[in-house]
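What you see is a predicted model; the values in this text were computed from it and never measured. Letters A, B, ... mirror the listed sequences (proteins, then strands); counts begin at 1.
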There are 2 protein chains.
Amino acid sequence: MSESWQELRDRRMAEPGAAEAYEAARLAYELGKAVRAMREERGWTQSDLARRASMTQSAVARFEAGGTMPTIPLLERLAEALGMRLNVGFQPLREAS
Amino acid sequence: MSESWQELRDRRMAEPGAAEAYEAARLAYELGKAVRAMREERGWTQSDLARRASMTQSAVARFEAGGTMPTIPLLERLAEALGMRLNVGFQPLREAS
DNA sequence: CTTTCTCATAGCATCAACGCTATGAGCTGG
DNA sequence: CCAGCTCATAGCGTTGATGCTATGAGAAAG
């Protein structure tokens with residue numbers, strides 16, 4: 001499972017310019033997971049969150065599944081609904097193994 | 001100058017659901033400023049950065065000016081070009097001011 | 001088996017970001 | 001005055017995210 005992730009990563013990294021695309025997809029996936037976790041933490045259904053974030057249940061499902069690359073305004077609305085703050089910025093490259 | 005920003009903010013905040021839109025616009029503006037700072041720090045022209053990030057000079061200018069809401073993949077490419085890491089996530093709401 | 005709730009997915013329309021080309025403004029140095 | 005460089009901006013076509021509606025799968029309860 002973790003092994004296949006590494007392989008996928010290496011394969012994609014071989015293609016030029018695919019590193020960012022992969023990173024972006026990874027980000028979408030992780031953001032979806034994070035929102036789902038926070039939503040369930042609050043005992044909300046997708047419809048609940050959707051209403052609070054001025055969107056539809058289908059949009060929430062799509063986002064949580066990482067099906068699309070979320071836009072900043074969407075993330076902002078979700079953050080607001082969840083009582084969180086959206087953080088977007090650049091960090092110095094950490095040399096992690 | 002700073003006064004007009006406040007007025008704009010207050011006016012927009014009055015409309016429902018505009019808080020996130022404002023925050024998003026603010027984010028776009030700040031990201032543009034940050035990238036410009038990092039670019040100049042490295043002594044690069046917009047064309048230099050554009051080449052490294054696989055985009056055109058006009059796209060860099062548009063982004064730095066905060067003219068559009070940047071997408072995650074774009075930010076990822078810029079981060080890569082600048083040797084930085086893009087960070088996107090949610091933070092607990094801090095009660096500032 | 002039927003109802004209900006939750007989530008996933010599809011199809012479609014709209015809208016905005018992005019790539020691209022071209023051009024103009026501002027500055028500097030010849 | 002005339003390049004040359006840097007940045008800003010406009011127009012246009014393409015692409016993809018989002019909003020919306022509708023429907024299906026799966027589980028739980030009756």
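When rounded to the nearest whole Å, the span between CD1 of A/Ile72 and C1' of C/dA16 equals 14 Å. Rounded to a whole Å, the CG atom of A/Leu74 is 14 Å from the C1' atom of D/dG16. B/Glu64 has its CD atom 14 Å from the P atom of D/dT6, to the nearest Å. Between the CZ atom of A/Phe63 and the P atom of C/dT9 there is a distance of 15 Å, given to the nearest Å.
In this structure, A/Arg62 does not reach the C/dG11 phosphate: none of its side-chain N or O atoms is under 4.0 Å from OP1 or OP2. Contact annotation: B/Arg36 side-chain N/O to D/dA8 OP1/OP2 distance is under 4.0 Å. Phosphate proximity of C/dA22 to B/Ser58: absent, as no side-chain N or O sits under 4.0 Å from OP1 or OP2. Between A/Arg39 and the phosphate of C/dC7, there is a side-chain N or O to OP1/OP2 separation shorter than 4.0 Å.
For A/Thr71, counting side-chain heavy atoms from C-beta on, the closest listed nucleotide (C/dT21, C/dT6, D/dA17) is D/dA17. Listed nucleotides D/dT6, D/dG19, D/dT18 differ in distance to A/Thr68; the shortest reach to its side chain belongs to D/dT18. In this structure, of C/dT21, D/dC20, C/dC7, it is C/dC7 that holds the atom nearest to the side chain of A/Gln46.
Looking at heavy-atom distances under 4.0 Å, A/Ala59 makes contact with sugar-phosphate atoms alone, never a base.
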